[in-house]
Amino acid sequence: MSLRSFILHNFWLKLFSLLLATLIWFAIHFWIEGGNRPPANPITNPITRQLFRMPVRVLTKPGDDRVFKVDPEEISVFVTGEAAVLRDLTPKNISVYVDVAIIRSARETNQQVKVDVPKGITADVVPRTVNVEQVS
């Protein structure tokens, strides 16, 4: 059997098989990359956004007796998620802080604000950095 007849024999069936295998591969690839999350139902669980004004807390090492001042003291936290999840969300479930445990001797520095929220919720803060000043 020659190479030409090997390729051209049942050519359309071979081409269809190749296209089908490629589509299956892409479907599995995107399913894995997407985290196997089922699509949200926009009617029963619409995506909503809420705003909270939260104080910025200072996270230090245990036994650290330094005192810090944060400017601004409050920031805006925008949380996004499904309505069913946000319905039970309270400010007590959100933690906004700056980590000053790594600061050695700087009197004043800009620090990135970190936010901890429950699973299924994403958060965005404004402003993203705050000025931290060591008072004592």
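Keep in mind that the numbers below use all heavy atoms, side chains included, and drop hydrogens, waters and symmetry copies. Quick caveat, the model's predicted, so the values are computed rather than measured.
P72 and V56 make their closest contact through O-CG2, 4.2 Å (heavy atoms, listed as atom of the first residue, atom of the second, distance).
Residue pairs satisfying the side chain to side chain donor-acceptor pair (under 3.5 Å) criterion with at least one member in residues 5-17, sequence neighbours excluded, are listed as follows: S2-S5.
A 4.5 Å side-chain heavy-atom check between L89 and V79 finds at least one atom pair inside the cut-off.
With sequence neighbours excluded, the residues that form a side-chain contact (heavy atoms from CB on, under 4.5 Å) with F6 are M1. The side-chain contact (heavy atoms from CB on, under 4.5 Å) search around I7 returns L3, not counting sequence neighbours. With sequence neighbours left out, the salt bridge (Lys or Arg N to Asp or Glu O under 4.0 Å) criterion links R128 to D124. Every side chain to side chain donor-acceptor pair (under 3.5 Å) that R53 has, sequence neighbours left out, goes to S76.
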Just list the side-chain donor-acceptor pairs under 3.5 Å for residues 92-100, sequence neighbours left out, or say none.
{"from": "N93", "atom 1": "OD1", "to": "T90", "atom 2": "N", "distance (Å)": "2.9"}
{"from": "N93", "atom 1": "OD1", "to": "T90", "atom 2": "OG1", "distance (Å)": "2.8"}
{"from": "D99", "atom 1": "OD1", "to": "A101", "atom 2": "N", "distance (Å)": "3.1"}

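Distance CH2/W25 to CZ/F30: 7.5 Å, rounded to 0.5 Å. From L19, atom CG reaches atom CG of L23 across 6.5 Å, with rounding to the nearest 0.5 Å.
Cluster partners of F78, using a side-chain heavy-atom cutoff of under 4.5 Å among ILVMFWY residues and allowing indirect links, are L51, V126.
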